[in-house]
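Report on the following structure.
Scope of the values below: all heavy atoms of this structure, side chains included, with no hydrogens, waters or symmetry mates.
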Amino acid sequence: MGRMPSAVRRRQLVEAAIRAMTRDGVARTTTRSICAEAGVSLSVFHYCFESKQALLEAAIGTITGNNLARVMPAVERGATLRETVRGALQTYWDHVTARPGEHMLTYDLTQYALREPGFEHLARAQYEQYVTAAGSLIEQVRETRGLAPRVPVESLARCLAAAIDGLTLQFLVLGDERAAAEQLDLTADQLVRLIEG
């Protein structure tokens, strides 16, 4: 491969890491296997990232950012608040059902970070990013609709992040699409009540 800007190489390595970790698991994915997946030399990895820890942090940020970018446009749609909220949840959910391995990876990243000495802060950062992303969505709904939620946006964001995290894990374990749809409906109903103020 020819010379590329380091930002492009970093993105290439992060995407390769996500593919490799989704396929092989975090613990079994090495920097060498990530480089092989990306089609670059190990020296490129070390030029772009100071450590595997830095790469994992970038991967977590990319996954969360991709999810937010996928869902944010859905906030604009819907004739009612309920339809807007449920549509945003469905947009996220469509990705869960289409790419379950990538969502399994998020739990694998959390467990790996909690078990690996010195990586614990990555798990905290991951869940803080979830809350921040949920808060951005709620703010977008609030601004689009001109609403003042009953409870602080940060509290709503934590509630939404926890609900989605639990629903996603439950679906990955049980695979029950009907139950997931019911839970998404209940989550949408609860959020609407809290957002309407």
Count the heavy atoms belonging to other residues, nucleotides or ligands that lie under 6.0 Å from CD of E50, then report whether that count exceeds 12.
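No.
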
Heavy atoms from other residues, nucleotides or ligands near CD of E120 exceed 12 (cutoff 6.0 Å)
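It does: E120 CD has more than 12 such atoms within range.
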
Find the distance between [atom1] ([X]) and [atom2] ([Y]) and round it off to the nearest 0.5 Å.
X	Y	atom1	atom2	result
R70	D94	CZ	CG	10.0 Å
Q12	S6	CD	OG	12.0 Å
Q126	I63	CD	CD1	8.0 Å
E139	L156	CD	CG	9.5 Å
L147	L81	CG	CG	6.0 Å

Which atom names give the shortest non-hydrogen contact between [X] and [Y], and what distance separates them?
X	Y	result
A20	T29	O-OG1, 3.5 Å
L122	I60	O-CD1, 4.0 Å
A134	A161	CB-N, 4.3 Å

Measure from the side-chain N and O atoms of R142 to the backbone N and O of I138, and report whether any donor-acceptor pair falls under 3.5 Å.
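Here the side-chain-to-backbone pair does not exist.
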
Closer than 3.5 angstrom, by distance alone: can the side chain of R145 be matched with the main-chain N or O of T80 as a donor-acceptor pair?
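Present.
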
If you apply the rule side-chain contact (heavy atoms from CB on, under 4.5 Å), what do you find for R193 with D189, and how did you get there?
CA-CA 6 Å; R193 281 192 298 276; D189 292 341; 3.8 Å; yes

Residues H103, Y92; criterion side-chain contact (heavy atoms from CB on, under 4.5 Å); working and verdict:
CA-CA 11 Å; H103 292 273; Y92 168 81; 3.5 Å; yes

Which residue pairs satisfy the salt bridge (Lys or Arg N to Asp or Glu O under 4.0 Å) criterion with at least one member in residues 12-35, sequence neighbours excluded?
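Those involving residues 12-35 are R19-E37, R23-E37.
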
Hey, could you give me each pair passing salt bridge (Lys or Arg N to Asp or Glu O under 4.0 Å) that has a residue in residues 99-115? Not counting sequence neighbours.
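Listed by first then second residue: R99-E102.
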
Is the shortest heavy-atom distance from the side chain of [X] to the side chain of [Y] under 4.5 Å?
X	Y	answer
F171	E177	yes
T84	T144	no
Q190	C159	yes
E57	F49	no

Test side-chain contact (heavy atoms from CB on, under 4.5 Å) applied to Q140 and L68, V71, V75, the passing residue
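Between Q140 and the candidates, side-chain contact (heavy atoms from CB on, under 4.5 Å) is satisfied uniquely by V75.
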
Under the side-chain contact (heavy atoms from CB on, under 4.5 Å) test against Y130, which residue among T106, I164, L160 passes?
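Only match with Y130 under side-chain contact (heavy atoms from CB on, under 4.5 Å): T106.
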
Say whether Y47 and L42 are linked into one hydrophobic cluster, either directly or through other cluster members, by side-chain heavy-atom distances under 4.5 angstrom.
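The answer is no; the residues belong to distinct hydrophobic clusters.
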
Examine L109 and L114 and state if one hydrophobic cluster contains both, with Ile, Leu, Val, Met, Phe, Trp and Tyr joined whenever side-chain heavy atoms are less than 4.5 Å apart.
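No, separate clusters.
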
Hey, are Y107 and Q111 close enough side-chain-wise for a donor-acceptor pair under 3.5 Å?
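No - no donor-acceptor pair under 3.5 Å links their side chains.
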
Any salt bridge between D165 and R158, counting N to O under 4.0 Å?
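Answer for the salt bridge query: no.
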
